[in-house]
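Reading through the structure tokens given below for one structure.
Below, chain A is the first sequence line, B the second, and so on; all start at residue 1. Since the structure is predicted, the reported quantities are computational estimates derived from the model, not experimental observations.
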2 protein chains.
Amino acid sequence: MAPKDTRTKIVEAAMELFWQKGYGSTSIADILSRTQLNSGSLYHFFPGKQDVLIAVLDAYRDGIEPMLLQPAWGGEPDPVERVFKLLGFYRTLIVETDCTYGCPIGSLALELHEADPAVRDRLAQNFANWVDAVRFCYEQAASRFRPGTDFQALAEFTLTVMEGGVMQARTHRDVAYFDRGVAQLRAHVDLLLERETA
Amino acid sequence: MAPKDTRTKIVEAAMELFWQKGYGSTSIADILSRTQLNSGSLYHFFPGKQDVLIAVLDAYRDGIEPMLLQPAWGGEPDPVERVFKLLGFYRTLIVETDCTYGCPIGSLALELHEADPAVRDRLAQNFANWVDAVRFCYEQAASRFRPGTDFQALAEFTLTVMEGGVMQARTHRDVAYFDRGVAQLRAHVDLLLERETA
DNA sequence: GGCTTAGTTGAATAATCAATCAAGTGTCAA
DNA sequence: TTGACACTTGATTGATTATTCAACTAAGCC
């Protein structure tokens, strides 16, 4: 218990700090002062700073289901609406942070240009998991979509809309940029759902 | 001539370095070694590092027309095709950099979380200029679009697709992610252009 | 020749960075 | 009681950071 306690304390603090200030601008000292630990303890569990980052990315990977998807779509039964519930969840994050919110994975993906393969793989894996979850939603409603709809592409597109919307909303400090992006996606999906018109 | 020469040398070097390594990871020493200048020269023209960043953002703002738009759409006359020529230009940048390309503005926008207002304003201005140029393209073809089409939202959506596509293509080191995003946008625009079907 | 001024030089400074390590503490099990 | 082990302490290292500054050069003007 004791050993894992320290480890998770470090990972949780690093998760928040990397999200708030980015990886490069977060110092080991930042993590230590927030956790009230000494450097020796941190370096007992992690060979170096990059390994803390890897642990953080693994934590996001393991937490997507309980910490993002389930809270986001609550009891929503309709799979397509679940996608937009998820986007709505990001909207509340944007609003709650006064339009300061940035997707932690997206921010790290853009910050770490020449990243180590171990880091890059985990970033890609996080994106892939997100896309998989959304694709699964769309596929559950496959019968309502136009035949031949590419659900993988549509799910990637949904991620694109989320990331682009978050980026613009934060830069302009205005949720409306996010909202307009989601509205465009909604129109796009609605056109792909035209069963009754056919 | 001589004074301005040094200034632009610094701005051009910083432009490339910020694009390659980001703002935080680029040191003044990096800029000095690339320009073969001494620190005193740099601090003669710029009060501090952030002022170099501001000059870089101003350079992007002033360079969007001659350095991005005109090369991108060459002699293309059709305004809608110009938008996709622009996206095609980003595609070549992605390919030429082995899927390492990141939009300099987008990367800086995500990196600089708690940015100075002077910096944030310029980032927003750069986005706004890009969107304005694209919106102008769409508006030139207004008669071909469905009545009531929101060209501002469509142009913002185009920026979203570009940024999201670039982000995913780089993270997965695969242009196909960018291509699929553009294809989705193309389908979206085509549906908005259905004149002949009406 | 002198005066001014814009630009340059490059060593120095103080802060901060990731990382190290020898000396400790506490907890087991034999 | 002893020894092994996991973990902690915190001062320290050496590299790197942005920034400063007094001295210097060169060019233009009177």
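- Among residue pairs with one or both ends in residues 98-110 of chain B, none qualify as side chain to side chain donor-acceptor pair (under 3.5 Å); sequence neighbours excluded.
- Nearest heavy-atom pair across B:Leu108 and B:Leu57 is CD1-CD2, 4.0 Å.
- Residue pairs satisfying the side chain to side chain donor-acceptor pair (under 3.5 Å) criterion with at least one member in residues 132-141 of chain A, sequence neighbours excluded, are listed as follows: A:Asp132-A:Arg135, A:Arg135-A:Glu139, A:Arg135-A:Gln152, A:Tyr138-A:Thr158.
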| request: Spell out protein contact along nucleotides 22-27 of chain D as letters: B when the base is contacted, S when just the sugar-phosphate is, - when no protein heavy atom is under 4.0 Å; keep the 5' to 3' order. | output: ------
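- The stretch residues 53-86 of chain A participates, sequence neighbours left out, in no ring-ring contact (aromatic ring centres under 6.0 Å, His included) pair at all.
- Looking at A:Arg122, its side chain never comes within 3.5 Å of a backbone N or O of A:Asp58 through a donor-acceptor pair.
- Judged purely by atom type and a 3.5 angstrom limit, B:Glu111 uses its side chain to pair as donor or acceptor with the backbone of B:Tyr23.
- With respect to B:Lys9 and B:Glu16, no salt bridge is recorded, no charged nitrogen being found less than 4.0 Å from a carboxylate O.
- Between A:Lys49 atom NZ and C:dT20 atom P the separation is 15 Å, expressed in whole Å.
- In this view, B:His172 and B:Tyr177 satisfy the ring pair (Phe, Tyr, Trp, His ring centres under 6.0 Å) rule, not counting sequence neighbours.
- Heavy-atom distances under 4.0 Å link DNA chain C to B:Asn38, B:Ser39, B:Gly40, B:Ser41, B:His44 of residues 20-44 of chain B, given in residue order.
- Rounding to whole angstrom units, NZ of residue B:Lys9 and C1' of C:dG7 are separated by 12 Å.
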